[in-house]
Amino acid sequence: MSDYDVIVIGGGPAGLAAATAARGEGKRSVLVIERDQKLGGILNQCIHNGFGLITFNEELTGPEYAARYERLAREAGVEFLLDTMVLDVSPDHVVTCVSEARGMQRITAGAVVLAMGCRERPRGALNIPGFRPAGVYTAGTAQRLVNIEGLMPGREVVILGSGDIGLIMARRMTLEGAHVACVAELMPYSGGLKRNIVQCLDDFGIPLLLSHTVTRVEGKSRVEAVWIAQVDEKGRPLPGTEKRYPCDTLLLSVGLLPENELSRAAGVELSRVTRGPVVNESLETSMPGIFACGNVLHVHDLVDYVSQEATAAGTAAGAWADACVQHQAQDEEPGIPVVAEGGVRYTVPQSIDPERMPEKLTVRFRVSGVYEDRRICVYLGDERVIAKRRPILVPGEMEDVTLKRDDLLARPGLEKIVVTLEEA
Ligand SMILES: Cc1cc2nc3c(=O)[nH]c(=O)nc-3n(C[C@H](O)[C@H](O)[C@H](O)COP(=O)(O)OP(=O)(O)OC[C@H]3O[C@@H](n4cnc5c(N)ncnc54)[C@H](O)[C@@H]3O)c2cc1C
C-alpha cells in the first residue's frame, strides 16, 4: 500500500492542475509537495495581466490565475506539504523530502507527477568577458526583487535576450521609473511573444536590437556600462559595430531550462532538445508511473497550455495509480515515434500508443526559426492527414496539432508519425 495514490512535486500552475485532475472527484488521495511557503509557483511574481485568456476568457494577473487553481485544488480535497523540498524520487515511487518542521520524510505513491517548473539560464552559461560586478541579474530575479521584495535592482538598464520575461521586465522597470536603453537579441528574431514585443517595447519606445549581443561588461564593483555589437549569422560580433551603453544594471533573459535534477535522479530519459523528460501519449516518462507536465517537461509560452497539459498528466497518473492498486501490469509495448522534421524542433509527446491515447490528442511543438506562409503537416506513414496553413511561425510561440485516435487505429503497423513544415 502506498501512502498516497498520487504525489505531485511542485505546487505551481502545473502541479495544481495535475493534482486536481488526479483526485478524480475524491476517488484518490493526492499530495502536492512544494518547497515554497506558498502555492502558485513563479506566477506569484508575475503581477502583470494577460493570464487566463484561453482558460477563463478573462485577463487575469499571475497571482489571480494561480489563486483560481489553488481554490480548485483545495475544493477537490488535495493535500499539501508546503515549505518542503523534494530531494529524491526513486524509480519505485518513494519520494524523499525535507522540511524544517518535519525533518526528513519518505512518502510512497502509486504514481508520481513531476511539476517542478524551470529555471533561468545564468550569466555563467554565456561567456561574457569582464569582471563579475554587482548589477547583473537574471530577468526573473529582477522580477522577484521588484514585484515581491519591493526593491529596484537599478535605474539605467540594458536587457540581453528578448524572451518573454525580459520583455515584460523592460516594461516593468520603465513603469517603476528606470530607463531601459535597449533589449539586445543574438538571434535575428525575438524569442518572445509578438504581443509582448508590442505591449512591452513598442508602446514604451524601447529599441529591440536583433542580431546583437553584449560583448563586454564594464565596471569592477558595480556595472558601469555594457558594450553591444552586431553579430553575423553565426553569432560572431562584427568588428567596428561595438557601441557603449552606460548603465548600472544588465538583465539577462537568455533562456529557461527545465528543473531536471529530480527527473535525472529518478532515471527518467531526458530529451536533448527540450531538456525535459521524453514522454508518451499519457505524458508518462520512461519510468513507469512517473509523469511530467508544465515547464519541467518543456518550456511553455502561455500558462493556459500548462494547465491543459497538467490536467491530462494528472488524469493519466490517477488512472495509472488505479491500475497499479489492482496489480494490472502496464502494457510495455513501445508507442509509435513522433518525428519532428522540416523546421519542427521537437514534439511533446515523443511517442503515441493508439490504443492508449484519448479520442483526440494534442501534440505541442516549437519551430526552429522564422517561417512565413507554411503549412503544418502531419504524415501517418506516406499519407498526409493534417495540413494547417500558418502565415507566420516563430520559435517564441508554441504550436500544436490534434491527432485523432481513429486515424491511427485505421493504420495498423504504422511505423512513425511525422510532424513537418511545408511551403503553403
Ligand atoms: C521567472 C519567470 C517569469 C515568468 N513570467 C511569465 C509571464 O509573465 N507570463 C507567462 O505567461 N508565463 C511566464 N512564465 C512562464 C510561467 O512560469 C509558466 O507558464 C508556468 O508558471 C509554469 O508552471 P509550472 O507549474 O510548470 O512551473 P512553476 O510555476 O515554476 O512552478 C514549479 C513549482 O515547483 C516547485 N519546486 C521545484 N522544485 C521543487 C522541489 N525539488 N521540491 C518541491 N517543490 C519544488 C517550485 O517552487 C514551484 O513552485 C515565467 C517563467 C519564469 C521562470
Side-chain angles (χ1 to χ4, degrees), residues 7-19 31-55 59-63 65-66 69-70 73 80-89 95-99 112-121 137-148 163-172 192-193 195-196 199-200 251-253 255-263 265-266 276 292-310 313-314 396-398:
I7 291 181
V8 179
I9 304 170
L16 291 171
L31 175 71
V32 171
I33 308 179
E34 166 58 51
R35 66 182 170 194
D36 210 336
Q37 292 167 348
K38 270 186 84 164
L39 296 166
I42 211 79
L43 291 190
N44 288 322
Q45 67 182 58
C46 302
I47 62 170
H48 54 279
N49 60 356
F51 295 87
L53 277 166
I54 299 169
T55 313
E59 271 210 67
L60 304 173
T61 63
Y65 186 96
Y69 271 92
E70 178 177 345
F80 300 97
L81 272 185
L82 298 182
D83 228 347
T84 306
M85 176 89 180
V86 174
L87 303 175
D88 187 59
V89 181
V95 176
T96 307
C97 55
V98 68
S99 67
V112 174
V113 181
L114 306 172
M116 294 89 72
C118 62
R119 63 163 162 248
E120 295 176 283
R121 196 170 273 155
Y137 301 88
T138 63
T141 303
Q143 190 179 52
R144 187 180 170 85
L145 287 173
V146 175
N147 293 349
I148 296 198
D164 287 315
I165 314 167
L167 300 176
I168 279 158
M169 281 314 289
R171 176 175 65 182
R172 189 83 194 108
L193 293 169
R195 75 174 196 205
N196 282 336
Q199 294 172 8
C200 302
L251 300 188
L252 305 175
S253 177
L256 299 168
L257 299 171
E259 278 280 3
N260 50 26
E261 279 70 21
L262 290 180
S263 318
C293 55
N295 278 357
V296 82
L297 179 56
H298 59 136
V299 174
H300 290 65
D301 51 357
L302 295 177
V303 72
D304 304 75
Y305 300 140
V306 168
S307 305
Q308 288 172 8
E309 184 181 273
E397 303 196 7
M398 239 166 62

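Read the numbers this way: they start at 1 and go in the same order the structure lists the ligands and their atoms.
Asn44 contributes no side-chain N or O that, together with a main-chain N or O of Gly62, makes up a donor-acceptor pair within less than 3.5 Å. Within the 3.5 Å criterion, the main-chain N or O of His300 finds a donor-acceptor partner in the side chain of Asn295. No donor-acceptor distance shorter than 3.5 angstrom exists from the side chain of Ser307 to the backbone of Tyr305, with no hydrogens or angles considered. Distance alone, capped at 3.5 Å, is enough to place a donor-acceptor pair between the Glu120 side chain and the Gly140 backbone. Side chain of Glu34 to main chain of Leu82: no donor-acceptor pair is present (N/O by atom type, distance under 3.5 Å, no hydrogens or angles). In this structure a side-chain-to-backbone donor-acceptor pair under 3.5 Å is present from Asp301 to Met398. Judged by distance alone, with hydrogens and angles left aside, the side-chain atoms of Asp36 form no donor-acceptor pair with the main-chain N or O of Gly41 at under 3.5 Å.
The protein atom (non-hydrogen) at minimum distance from atom 31 (O) of ligand 1 is Gly12 CA, 3.5 Å. Looking only at protein heavy atoms, the nearest one to atom 34 (O) of ligand 1 is Gly10 CA, 3.3 Å. Given atom 41 (N) of ligand 1, the protein heavy atom at minimum distance is Val86 O, 3.1 Å. Gly117 CA, 3.3 Å is the protein heavy atom nearest to atom 27 (O) of ligand 1. Protein heavy atom closest to atom 24 (P) of ligand 1, with residue, atom name and distance, is Ala14 CB, 3.8 Å. Here the protein heavy atom with the shortest distance to atom 10 (C) of ligand 1 is Phe51 CE2, 3.2 Å. Scanning the protein for heavy atoms near atom 14 (N) of ligand 1, the closest one is Ile42 CG2, 4.4 Å. Annotation: atom 33 (C) of ligand 1 to nearest protein heavy atom, Glu34 OE1, 3.6 Å.
At least one heavy atom of Met85 sits less than 4.0 Å from an atom of ligand 1. Within the structure, the closest approach of Gln143 to ligand 1 falls below 4.0 Å when heavy atoms are considered. Judged by the shortest distance from any of its heavy atoms, Thr84 lies inside the 4.0 Å radius around the atoms of ligand 1.
Ion pairing between Arg195 and Glu397 fails under the 4.0 Å rule for side-chain N and carboxylate O.
Here CD of Glu70 is found 6.5 Å from CZ of Phe80. Values are rounded to the nearest 0.5 Å. Atom CG of Leu87 is separated from atom CD of Glu261 by 12.0 Å, given to the nearest 0.5 angstrom. Going from atom CD1 of Ile33 over to atom CG of Leu81 covers 5.5 Å, rounded to the nearest 0.5 Å. Put simply, CE on Met116 and CZ on Arg35 are 9.0 Å apart, with the number rounded to the nearest 0.5 Å. One distance of note links CE of Met169 with CD of Gln143; it measures 6.0 Å at 0.5 Å rounding.
Of the options Gly166, Cys97, Pro13, the smallest heavy-atom separation from atom 20 (C) of ligand 1 is shown by Pro13.
Residue Asp301 has at least one heavy-atom neighbour below 4.0 Å for each of these atoms of ligand 1: 11 (O). Each of the following atoms of ligand 1 lies closer than 4.0 Å to a heavy atom of Ile168: 8 (O). For ligand 1, the atoms lying closer than 4.0 Å to a non-hydrogen atom of Ile33 are 43 (C), 44 (N). Taking a cut-off of under 4.0 Å to the non-hydrogen atoms of Gly140, the atoms of ligand 1 that pass are 1 (C). Residue Gly41 has at least one heavy-atom neighbour below 4.0 Å for each of these atoms of ligand 1: 29 (O), 31 (O), 48 (C), 49 (O). When each atom of ligand 1 is checked for a heavy atom of Met116 under 4.0 Å away, the hits are 32 (C), 34 (O), 37 (C), 38 (N), 39 (C). Atoms of ligand 1 lying under 4.0 Å from any heavy atom of Leu262, numbered from 1 in the order shown and given with element: 41 (N). Of all the atoms in ligand 1, the ones that sit under 4.0 Å from a non-hydrogen atom of Gly294 are 26 (O).
Taking distance alone, with nitrogen or oxygen atoms compared against 3.5 Å, Val306 stays at or beyond that limit from ligand 1. Of the N or O atoms in Glu120, none lie within a sub-3.5 Å distance of an N or O in ligand 1. Looking at ligand 1, you'll find an N or O of His48 within less than 3.5 Å of one of its N or O atoms. Distances between N or O atoms of Asn295 and those of ligand 1 include at least one value under 3.5 Å. Checked against a 3.5 angstrom limit, the closest N/O atoms of Ile9 and ligand 1 fall outside it.
At a heavy-atom distance under 4.0 Å, no atom of Leu87 approaches ligand 1. Heavy atoms from both the backbone and the side chain of Arg35 come within less than 4.0 Å of ligand 1. At a heavy-atom distance under 4.0 Å, only side-chain atoms of Cys46, from C-beta outward, approach ligand 1. Proximity of Ala115 to ligand 1, defined as any heavy-atom pair under 4.0 Å, is confined to the backbone N, CA, C and O atoms. Contacts between Ile165 and ligand 1, counted as non-hydrogen atom pairs separated by less than 4.0 Å, involve the side chain only.
The salt bridge (Lys or Arg N to Asp or Glu O under 4.0 Å) search around Arg144 returns Glu149, not counting sequence neighbours.
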Applying side-chain hydrogen bond (donor to acceptor under 3.5 Å, both in side chains), run through His298 and Glu309 and close with a yes or a no. CA-CA 11 Å; His298 59 136; Glu309 184 181 273; 2.8 Å; yes
Might you work through the side-chain hydrogen bond (donor to acceptor under 3.5 Å, both in side chains) test for Asp83 and Ser99, ending with a clear yes or no? CA-CA 6 Å; Asp83 228 347; Ser99 67; over 6 Å; no
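Residue Val299 comes nearest to Pro258 through the heavy atom pair CG2-CD, 4.4 Å, listed as atom of the first residue, atom of the second, then distance.
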